[in-house]
**Q** 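Please see the structure below; I have some questions.
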Amino acid sequence: MREGHEGTGPGAITPDGCAVELYARLPVGGEPDVIAAAVPAGAHILELGSGVGRVTHALLERGFTVTAVDESADMLARVRGARTICSPIESLDLGETFDVVMLASFLVHAGDEEVRRNLLRACVRHVAEGGCVLIQREGEDYHTHVPRERVDPSGFTVRIVSAEPVGDGVNSVRAEYVFPDAVWTQTFLSRPLTKEQFESALAEAGLEVDAYLTPDGIWVRALPRP
């Protein structure tokens with residue numbers, strides 16, 4: 001288990017506290033439509049942190065080719081129809097490049113700044129000339145509008161219970177997922193980033209924002225700096 005991360009509930013728990021059985025149940029949201037509108041049709045996407053393939057499978061259905069990377073073999077065992085690679089993202093070096101590199105799931109907010117740097121460097125290492133990097137950021141009120149909850153139409157509840165400062169600009173965030181037959185929790189470290197801090201982190205890695213793809217600024221398309 002990564003330091004500062006914890007997960008509870010039925011089934012396997014990954015090093016960052018994610019429950020495999022939980023993510024196998026969660027529905028895909030609007031992410032695939034955002035991605036499809038932002039990249040060329042049929043692009044080859046390197047999905048960093050694919051998990052069980054919630055987004056992977058939706059992208060495959062839309063005609064993309066996907067290489068799915070995750071550090072959890074239990075997660076990757078649920079992925080169908082994509083090439084899978086079991087590896088930490090930070091040290092990934094496939095020796096090949098892709099039309100699109102995707103870093104979703106708010107991974108850019110890693111509490112450890114060196115981990116964040118290495119995540120972004122992995123993106124730069126693997127993006128082809130003329131390609132792009134898609135990044136999912138946290139919403140502006142992610143750490144301040146707590147506690148909060150959302151009831152999904154399919155019948156489960158997601159709660160962000162707390163976001164407590166633990167020093168050096170990092171918060172310990174606790175989430176709960178309540179289903180009629182099971183409950184999962186995840187505790188993880190997250191570093192809030194203002195727009196300026198986010199763009200500065202990209203610049204440090206050799207990237208620059210090309211476009212904020214959603215009105216809330218959560219999805220971003222970035223390009224390697226010339």
Side-chain angles (χ1 to χ4, degrees), residues 1-36 47-62 64 66 68-82 84 86 89 102-111 136-166 170-190 192 214-216 218-219:
M1 192 67 58
R2 291 177 180 242
E3 185 176 354
H5 295 246
E6 182 184 7
T8 67
I13 306 292
T14 69
D16 59 356
C18 292
V20 175
E21 296 297 334
L22 166 63
Y23 279 86
R25 292 188 183 200
L26 293 180
V28 67
E31 299 100 319
D33 292 332
V34 173
I35 296 160
E47 185 184 4
L48 301 176
S50 66
V52 297
R54 273 188 321 132
V55 176
T56 316
H57 298 142
L59 293 174
L60 292 171
E61 290 170 0
R62 286 162 171 77
F64 296 102
V66 182
V69 176
D70 204 278
E71 67 179 348
S72 168
D74 290 317
M75 287 281 197
L76 289 177
R78 307 296 184 101
V79 175
R80 298 287 180 266
T84 59
C86 189
I89 298 167
M102 187 168 71
L103 187 70
S105 302
F106 314 122
L107 292 174
V108 73
H109 292 272
Q136 186 182 25
R137 303 168 59 221
E138 293 175 344
E140 283 187 13
D141 64 350
Y142 191 86
H143 293 260
T144 54
H145 180 44
V146 289
R148 65 181 182 274
E149 73 175 39
R150 174 180 64 84
V151 178
D152 191 86
S154 63
F156 66 92
T157 300
V158 183
R159 296 191 184 103
I160 303 300
V161 179
S162 59
E164 299 293 337
V166 294
V170 177
N171 288 339
S172 175
V173 180
R174 178 178 172 85
E176 293 180 351
Y177 300 83
V178 181
F179 286 75
D181 61 338
V183 176
W184 285 272
T185 74
Q186 183 183 9
T187 302
F188 57 95
L189 298 180
S190 179
T214 50
D216 56 16
I218 288 177
W219 278 94

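Every value quoted in this text rests on a predicted model; they were computed, and no experiment measured them. Sequence positions, counted from 1, serve as the residue numbers for this chain.
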**Q** Taking side-chain contact (heavy atoms from CB on, under 4.5 Å) as the definition, give me every residue that meets it alongside Q186, ordered by chain and number, with sequence neighbours left out.
**A**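 C18, Y23, F188.
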**Q** Hey, does the side chain of R78 reach the backbone of R54 with a donor-acceptor pair shorter than 3.5 angstrom?
**A**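 Checked: no pair found.
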**Q** Rounded to the nearest 0.5 Å, how far does OG1 of T187 lie from CZ of R174?
**A**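 These two atoms lie 5.0 Å from each other.
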**Q** How many angstroms lie between atom CG of L48 and atom CD of E71, to the nearest 0.5 angstrom?
**A**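 If we round to the nearest 0.5 Å, L48:CG and E71:CD are 12.0 Å apart.
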**Q** So which atom in L76 and which in S50 form the shortest heavy-atom distance, rounded to 0.1 Å?
**A**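 Nearest pair, atom of L76 first, then S50: CD2-OG, 3.5 Å.
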**Q** For the pair D152 (side chain) and S154 (backbone), establish whether a donor and an acceptor sit closer than 3.5 Å, ignoring hydrogens and angles.
**A**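 Here the side-chain-to-backbone pair exists.
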**Q** Testing the basics here: between G49 and S105, what is the closest heavy-atom pair and its distance to 0.1 Å?
**A**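 So the two residues come closest at O-OG, 4.3 Å.
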**Q** Hey, could you give me the CG/CG distance between D33 and L59, rounded to the nearest 0.5 Å?
**A**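 So the gap between those two atoms works out to 9.5 Å.
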**Q** Any side-chain heavy atom of D74 sitting closer than 4.5 Å to one from T14?
**A**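 Of all side-chain heavy-atom pairs linking T14 with D74, none is under 4.5 Å.
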**Q** State the CG-CG distance between D16 and L107, to the nearest 0.5 angstrom.
**A**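 Rounded to the nearest 0.5 Å, the CG-CG separation comes to 7.5 Å.
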**Q** Taking the six-membered ring of F179 as reference, does the cationic atom of R25 (NZ for Lys, CZ for Arg) lie under 6.0 Å from its centre and within 45° of its axis?
**A**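 Yes, a cation-pi geometry.
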**Q** Could you state the interatomic distance from OH (Y177) to OG1 (T157), rounded to the nearest 0.5 Å?
**A**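 Output value for this atom pair is 12.0 Å.
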**Q** Sequence neighbours left out, what passes side-chain contact (heavy atoms from CB on, under 4.5 Å) with T214? Give chain and number order.
**A**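 side-chain contact (heavy atoms from CB on, under 4.5 Å) check on T214 returns V34, D216, I218, W219.
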**Q** When you measure from the side chain of H5 to the backbone N and O of M1, does any donor-acceptor pair fall under 3.5 Å?
**A**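 Side chain of H5 to backbone of M1: no pair is present.
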**Q** Say you draw a straight line from CG of L189 to CD of E6; how long is it, rounded to the nearest 0.5 Å?
**A**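 The distance works out to 11.5 Å.
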**Q** Quick check: closest heavy atoms across V166 and S172, and the distance to 0.1 Å?
**A**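 That would be CG1-CB, 3.7 Å.
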**Q** Hey, does V55 have a side-chain heavy atom less than 4.5 Å from the side chain of V28?
**A**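 Yes, at least one pair of side-chain atoms sits under 4.5 Å.
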**Q** Would you say CD of E149 has more than 12 non-hydrogen atoms from neighbouring residues, nucleotides or ligands within 6.0 angstrom?
**A**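 Atom CD in E149 is packed in, count exceeds 12.
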**Q** Please name the pair of heavy atoms, one in A68 and one in V79, separated by the smallest distance, quoted to 0.1 Å.
**A**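 Heavy-atom minimum between the residues: CB-CG1, 4.5 Å.
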**Q** So, for W184 and A19, which heavy atoms are closest and what is the spacing to 0.1 Å?
**A**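 Distance-wise, the nearest heavy atoms are CD1-CB, 3.2 Å.
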**Q** Is there a donor-acceptor pair under 3.5 Å between the side chain of H143 and the backbone N or O of N171?
**A**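 Side chain of H143 to backbone of N171: no pair is present.
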**Q** What's the verdict on side-chain contact (heavy atoms from CB on, under 4.5 Å) for M102 and E31, showing C-alpha distance, side-chain angles and the deciding distance?
**A** CA-CA 11 Å; M102 187 168 71; E31 299 100 319; over 6 Å; no
**Q** So, for T56 and A82, which heavy atoms are closest and what is the spacing to 0.1 Å?
**A**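 Distance-wise, the nearest heavy atoms are CG2-CB, 3.8 Å.
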